[in-house]
Every structure is written in C-alpha cells, then in structure tokens.
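Below you'll find the structure, written out as structure tokens, and then a few comments.
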Amino acid sequence: MKKLPKTISEAEFLDIIKQVKDNKTKIAFMLGFYEGLRVSEVIKLKPENIDKQRGFIHIIAGKGNKDRDIPIMPPVESGLKHLPMDVGVRGLQKRFKRHFKSHPELSFHSLRHSGATYYLNDKKVDIRQIQQLLGHSRLDTTQIYTHISPSQLKEAFGGIWG
C-alpha cells in the first residue's frame with residue numbers, strides 16, 4: 001500500500017503563516033496551500049500572470065508543460081503584489097523547512113495536498129473542480145492529493161443508519 005502524503009489543516013497552516021515576517025515567503029506558502037501551486041510554479045509566477053480584472057492566475061508551463069488558469073482565491077489576492085519571488089526552488093524549500101520545523105514530516109508539496117484536502121473536506125468543493133485547480137489530467141492523481149479522515153468517514157456513514 002502506498003503511503004499517503006502528510007497534510008495539515010487550515011488552522012495549523014494559519015498558525016504557522018502568522019509567524020512568517022517576509023511577505024514574499026508568506027505569499028509563496030499561501031499560493032501552495034490556497035492555489036495548489038507546485039514550488040516550481042510559485043517560483044515562475046510573475047505579475048503579468050495575474051489578471052485581477054478577470055480574477056485569474058495564469059500558470060505557464062506547469063508540470064507536463066501545460067498551461068492553466070485558476071481563480072484568485074481571496075486569501076492570496078492582496079499578497080500577489082509581492083511577486084515575483086526572486087528566489088529559486090532550493091531557496092524556497094529551505095524557507096519552508098525553517099518555518100515549518102514543527103512539522104518535519106512536511107515538504108512544500110504538502111501544502112498542495114493540504115489545500116486540496118481542505119477544499120474537499122471543509123469547503124465541499126467537487127473533486128473534478130479540485131482536479132482542474134491542480135492541473136491534473138487524471139482524476140485518480142487528484143484522489144491521491146485529497147484525504148478523508150477516519151472521523152469524516154464515520155460521520156458520513158453514521159448518518160445513513162440513523
């Protein structure tokens with residue numbers, strides 16, 4: 001059986017984010033969680049990729065060299081003025097490890113998993129829409145990213161038996 005990636009809740013994420021002083025680092029982490037961006041996509045993001053009029057972020061040449069448009073989520077909107085990142089992938093991953101040292105099992109990519117899980121479980125977003133947000137070709141790839149806790153499973157099935 002394949003090991004599921006570790007995730008954190010939005011509350012845990014926000015507790016850590018509150019401690020981040022550097023605005024560029026903070027928006028990078030928020031793009032990972034709320035927009036589902038890969039570390040490489042965060043690094044490549046430029047102000048000209050932001051269409052505030054339409055409310056979209058244009059991701060150019062994501063994984064598989066695919067472009068996609070994703071909605072600007074309200075928590076990230078004001079921080080987009082801090083783009084571009086001016087740091088490389090390794091630099092951003094080091095910043096992640098420094099700020100998330102209370103969660104050594106996590107990586108920057110865990111933010112993507114955590115955000116997808118948050119949208120599925122807390123916000124009840126349809127998994128097909130999460131698939132589009134993440135830029136996955138296959139739904140089964142998205143399913144790896146979304147976690148259902150045992151208590152949620154019990155709650156879902158407990159309700160049908162009265």
Linking I/L/V/M/F/W/Y whenever their side-chain heavy atoms sit closer than 4.5 Å, directly or via other members, would [X] and [Y] fall into one cluster?
{"X": "Ile72", "Y": "Ile59", "answer": "yes"}
{"X": "Phe29", "Y": "Ile43", "answer": "yes"}
{"X": "Phe108", "Y": "Val89", "answer": "yes"}
{"X": "Val20", "Y": "Val87", "answer": "yes"}
{"X": "Phe56", "Y": "Ile130", "answer": "no"}

Counting heavy atoms not belonging to [X], are there more than 12 under 6.0 Å from its [atom1]?
{"X": "Lys97", "atom1": "NZ", "result": "yes"}
{"X": "Lys52", "atom1": "NZ", "result": "yes"}
{"X": "Arg98", "atom1": "CZ", "result": "yes"}

In plain terms, say whether Asp126 and Arg128 are close enough for a salt bridge, that is, a side-chain N and a carboxylate O under 4.0 Å apart.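 Salt bridge between Asp126 and Arg128, a charged N being under 4.0 Å from a carboxylate O: no.
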Electrostatic pair Arg38-Glu41, nearest N-O below 4.0 angstrom: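 Salt bridge present between Arg38 and Glu41.
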Angle between ring planes, Phe96 versus Phe100, binned at 30° and 60°: parallel, tilted or perpendicular?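 The rings of Phe96 and Phe100 lie parallel, inter-plane angle below 30°.
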Is a side-chain donor-acceptor pair under 3.5 Å present for Glu10 with Tyr34?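 There is such a pair (donor and acceptor under 3.5 Å, judged by atom type) between the side chains of Tyr34 and Glu10.
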Consider only side-chain N and O atoms of Asn49 and His58, and report whether a donor and an acceptor are under 3.5 Å apart.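 Per modelled atom types, Asn49 and His58 side chains form no pair under 3.5 Å.
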Donor-acceptor contact present, side-chain Lys123 to main-chain Leu120, <3.5 Å: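 No, because the side chain of Lys123 does not come within donor-acceptor range (under 3.5 Å) of the backbone of Leu120.
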Donor-acceptor check, side chain of Lys26 to backbone of Gly79, threshold 3.5 angstrom: yes or no?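 Side chain of Lys26 to backbone of Gly79: no pair is present.
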Is any side-chain heavy atom of [X] less than 4.5 Å from a side-chain heavy atom of [Y]?
{"X": "Ile16", "Y": "Ser102", "answer": "yes"}
{"X": "Ser114", "Y": "Arg112", "answer": "no"}
{"X": "Tyr119", "Y": "Met73", "answer": "yes"}

Can you tell me how far apart [atom1] ([X]) and [atom2] ([Y]) are? Round to the nearest 0.5 Å.
{"X": "Ile50", "Y": "Lys81", "atom1": "CD1", "atom2": "NZ", "value": "13.0 Å"}
{"X": "Asp51", "Y": "Asp69", "atom1": "CG", "atom2": "CG", "value": "8.0 Å"}
{"X": "Arg95", "Y": "Thr25", "atom1": "CZ", "atom2": "OG1", "value": "4.0 Å"}
{"X": "Ile57", "Y": "Leu83", "atom1": "CD1", "atom2": "CG", "value": "8.0 Å"}
{"X": "Glu105", "Y": "Thr7", "atom1": "CD", "atom2": "OG1", "value": "9.5 Å"}
{"X": "Phe13", "Y": "Leu106", "atom1": "CZ", "atom2": "CG", "value": "11.0 Å"}

Closest contact, heavy atoms only, Ile70 versus Leu133: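 That would be CG2-O, 3.5 Å.
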Please evaluate residues Leu134 and Arg68 with respect to the criterion side chain to side chain contact (heavy atoms under 4.5 Å, CB included), reporting the C-alpha separation (whole Å), side-chain torsions for both, the decisive distance (0.1 Å), and the verdict. CA-CA 9 Å; Leu134 299 178; Arg68 70 185 189 279; 5.6 Å; no
Just one of Lys24, Glu35, Met85, Met30 clears the side chain to side chain contact (heavy atoms under 4.5 Å, CB included) bar with Val42, so which one?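 Of the listed options, the one satisfying the test is Met85.
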Take Leu31 and Leu80, measure what side chain to side chain contact (heavy atoms under 4.5 Å, CB included) needs, and give me the verdict at the end. CA-CA 9 Å; Leu31 287 165; Leu80 294 172; 4.0 Å; yes
